[in-house]
Amino acid sequence: MQSKNYIFDARPDLPFQITAKRYWFEDAPYSADAYTLVFAHAAGFCKEQWETVIDGIFKLLRQSEDMNGDGSPTRFKIREMWTIDAPNHGAAAILNEQVLQWGYDNVFSWETYGRAIHTFLSGHGSRTESYFRGHNIIGIGHSLGAIAVMLSTTFQPSIPYKSIHIFEPSMFGQQWGVEIQDFFLHFALKRRDIWLSSEEAFNVMRNRPAWQNWDERILKLFVRHGLRTLPTLDYPDKTIGVTLSCNKKQEAAVYRDHTSRVVAYNLLRHLIKKIPTHITFGAIPERCPAASRHDILHNASGGIEHFSSVSEIEGAGHLVVHTHPDSVVEVIWKALHKDHIDISKVNKCHFKVKL
């Protein structure tokens, strides 16, 4: 698997630089109907934490045996995969550090992440023809990233998603939203954010309750890509050690945005009728009450039958991508297979009409 980092200057369409990473097989044959998968991360994390899932998907592609479980060969193809940082997370947070100091340090809208995804995929800011024109794009997001993918559909020109897949989307009905967001806000503000080295950070994290259940591969990716060396503009007097790329102030600013999740909640019933949508939860409700999940599936959606698929991963909670990446791979793989079958049916119907 090959990979390459990109910096996309979205100014003046968006006052940020966007960091993205492309993954592909050098010898993969070109196919006009192949999928391009685009991943968005959860709050407080970074784009590289999808790499364990991406590696798992590529491994399935490389296997010659049927992995669909129904005796049929895998007929869909994947052209490439991309991950995109939120403008105040990961490598993007370092590039945008100066801009983020003023105006974004109290509230950072989730919609801004959605707009960054849209700007990147539509080619805005580059003043050139979009690289993604003609790609069969599938949007995949976790928590904040799930909402960002959803909100990226609200800008023009529209991104022609073939489908989207949302994992543990952070949208809640009115009776739960503020309480849940306040919990995460409190956690962000009190978390430790300075370590003497990356090695110390890894050893401390893997023994703390908040990270103990993480897949070790994901934790290593977070330490490698989600931390930065000191000093920073927020810690100008700290010259030794590492700190969070998405600092506590910026993560807290994300949780103070109560509007974007409401927009996504009200958008859902309309979105899933326009774009095939898969939704996946961890089986353990954790901070998202079971009643809230039921509300999303049956009320906000306009009916559970409107989803392309609904999945639940046993033993997982809200951070399902971090704790159960192999199960996430299986769910995405099955969804891709279903998308391919559904799209093939539509194409056949269109062909009959033309006759």
Side-chain angles (χ1 to χ4, degrees), residues 1-8 10 18-41 47-62 67 74-86 113-126 128-142 145-146 148-153 155 157-167 271 274-278 280 308-309 321 328-329 331-344 346-347:
M1 181 176 69
Q2 306 292 314
S3 65
K4 183 178 180 180
N5 286 296
Y6 291 84
I7 298 174
F8 179 80
I18 298 170
T19 52
K21 193 169 184 179
R22 176 182 175 234
Y23 308 82
W24 76 99
F25 277 133
E26 193 69 48
D27 58 346
Y30 172 77
S31 176
D33 62 349
Y35 296 133
T36 293
L37 275 55
V38 178
F39 296 84
H41 60 77
K47 64 183 182 299
E48 286 82 6
Q49 287 181 265
W50 278 107
E51 288 186 358
T52 302
V53 170
I54 289 171
D55 184 60
I57 294 172
F58 270 128
K59 285 179 179 177
L60 290 184
L61 283 171
R62 281 304 201 198
M67 295 302 297
T74 301
R75 299 189 181 278
F76 65 84
K77 300 177 179 64
I78 295 179
R79 181 173 183 168
E80 58 195 34
M81 302 192 220
W82 288 82
T83 55
I84 304 173
D85 277 318
Y113 190 11
R115 188 178 169 200
I117 294 170
H118 173 269
T119 302
F120 180 72
L121 295 178
S122 64
H124 280 197
S126 65
T128 60
E129 183 178 0
S130 174
Y131 169 83
F132 293 97
R133 184 168 297 171
H135 283 229
N136 300 300
I137 300 173
I138 293 179
I140 302 172
H142 173 214
V149 169
M150 292 175 64
L151 296 180
S152 73
T153 67
F155 300 99
S158 60
I159 304 301
Y161 288 112
K162 293 299 181 182
S163 69
I164 63 174
H165 200 142
I166 50 179
F167 286 83
L271 175 66
K274 178 182 178 183
I275 301 173
T277 301
H278 304 269
T280 297
S308 288
S309 71
V321 173
V328 169
V329 170
V331 169
I332 292 175
W333 189 260
K334 290 178 181 178
L336 290 171
H337 184 53
K338 185 178 188 304
D339 287 341
H340 178 74
I341 292 174
D342 292 346
I343 291 172
S344 297
V346 171
N347 290 340

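Quick note: residue numbers are just sequence positions, from 1.
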For this session: Could you tell me which residues satisfy side-chain hydrogen bond (donor to acceptor under 3.5 Å, both in side chains) with D55, sequence neighbours excluded, listed by chain and number?
Result: K59
For this session: For residues K47 and T19, determine if any side-chain heavy atom of one lies less than 4.5 Å from a side-chain heavy atom of the other.
Result: yes
For this session: Mind listing the closest non-hydrogen atom pair of V53 and I332 along with its distance?
Result: CG1-CD1, 3.9 Å
Exercise. What pair of heavy atoms forms the shortest contact from M1 to F25, and how long is it?
Worked result: N-CE2, 3.6 Å
For this session: Could you check F76 against H337 for side-chain contact (heavy atoms from CB on, under 4.5 Å), going step by step and ending with a plain yes or no?
Result: CA-CA 7 Å; F76 65 84; H337 184 53; 4.1 Å; yes
Seminar exercise, completed: Of I138, I137, N136, the one forming a side chain to side chain contact (heavy atoms under 4.5 Å, CB included) with S163 is I138
Problem set entry | Side-chain donor or acceptor of N5 paired with backbone N/O of K21 under 3.5 Å | no
Exercise. Tell me, do M150 and L271 make a side-chain contact under 4.5 Å, heavy atoms counted?
Worked result: yes
Problem set entry | Euclidean distance, L121 CG relative to S158 OG, rounded to 0.5 Å | 11.5 Å
Problem set entry | Residues that R79 engages under side-chain hydrogen bond (donor to acceptor under 3.5 Å, both in side chains), provided they are two or more places apart | H135
For this session: Using the test ring-ring contact (aromatic ring centres under 6.0 Å, His included), find all partners of H165 that sit at least two apart in sequence or belong to another chain.
Result: F167, H278
Exercise. Side chains of I7 and I18: closer than 4.5 Å at any heavy-atom pair?
Worked result: no
For this session: To the nearest 0.5 Å, tell me how far K162 NZ sits from L37 CG.
Result: 13.5 Å
Seminar exercise, completed: Output for pair (I54 CD1, I140 CD1), nearest 0.5 Å, gives 8.5 Å
For this session: Describe, in one word, how the ring planes of W50 and H142 are oriented to each other, choosing from parallel (under 30°), tilted (30 to 60°) and perpendicular (over 60°).
Result: perpendicular
Problem set entry | Non-neighbouring partners of Y23 that pass ring-ring contact (aromatic ring centres under 6.0 Å, His included), sequence neighbours left out | none
Problem set entry | Partner residues of Y161 under the ring-ring contact (aromatic ring centres under 6.0 Å, His included) criterion, sequence neighbours left out | none
For this session: Measure across I159 and S152 and return the closest heavy-atom pair with its distance rounded to 0.1 Å.
Result: CG1-O, 4.5 Å
Exercise. At what distance, to the nearest 0.5 angstrom, does NZ of K338 lie from OG of S308?
Worked result: 4.5 Å
Exercise. Counting N and O atoms only, with roles assigned by atom type, does the side chain of H41 sit under 3.5 Å from a partner on the main chain of D85, one being a donor and the other an acceptor?
Worked result: no
For this session: Check side-chain contact (heavy atoms from CB on, under 4.5 Å) between K4 and all other residues, then give those that pass, not counting sequence neighbours.
Result: Y6, W24
Exercise. Is the H118 ring parallel, tilted or perpendicular to the F155 ring (thresholds 30°, 60°)?
Worked result: tilted
For this session: Could you grab the distance from atom OG of S3 to atom CD of E80, nearest 0.5 Å is fine?
Result: 12.5 Å
Problem set entry | Check against side-chain contact (heavy atoms from CB on, under 4.5 Å), M81 and F58 | CA-CA 10 Å; M81 302 192 220; F58 270 128; 3.8 Å; yes
Exercise. Side-chain contact, heavy-atom cut-off 4.5 Å: V328 with T280?
Worked result: no
For this session: Decide side-chain contact (heavy atoms from CB on, under 4.5 Å) for I275 and T153; before the verdict, give the C-alpha distance in whole Å, the side-chain angles of both, and the deciding distance to 0.1 Å.
Result: CA-CA 9 Å; I275 301 173; T153 67; 3.8 Å; yes
For this session: Would you please test F120 and V38 for side-chain contact (heavy atoms from CB on, under 4.5 Å) and show each step?
Result: CA-CA 11 Å; F120 180 72; V38 178; over 6 Å; no
For this session: Would you name the heavy atoms of Y131 and R22 that are closest together and state the gap between them?
Result: OH-NE, 3.6 Å
For this session: Nearest 0.5 Å please: distance from the CZ atom of F39 over to the CD atom of E51.
Result: 11.0 Å
For this session: State which residues pass side-chain contact (heavy atoms from CB on, under 4.5 Å) with A40; sequence neighbours excluded, sorted by chain then number.
Result: Y113, I117, V149
Problem set entry | Heavy-atom closest contact (T119 atom, A10 atom, distance) | CG2-CB, 3.8 Å
Exercise. Relative to the ring of W82, is the ring of F132 parallel (under 30°), tilted (30 to 60°) or perpendicular (over 60°)?
Worked result: perpendicular
Problem set entry | salt bridge (charged side-chain N to carboxylate O under 4.0 Å, His left out) partners for D33, two or more places apart | none
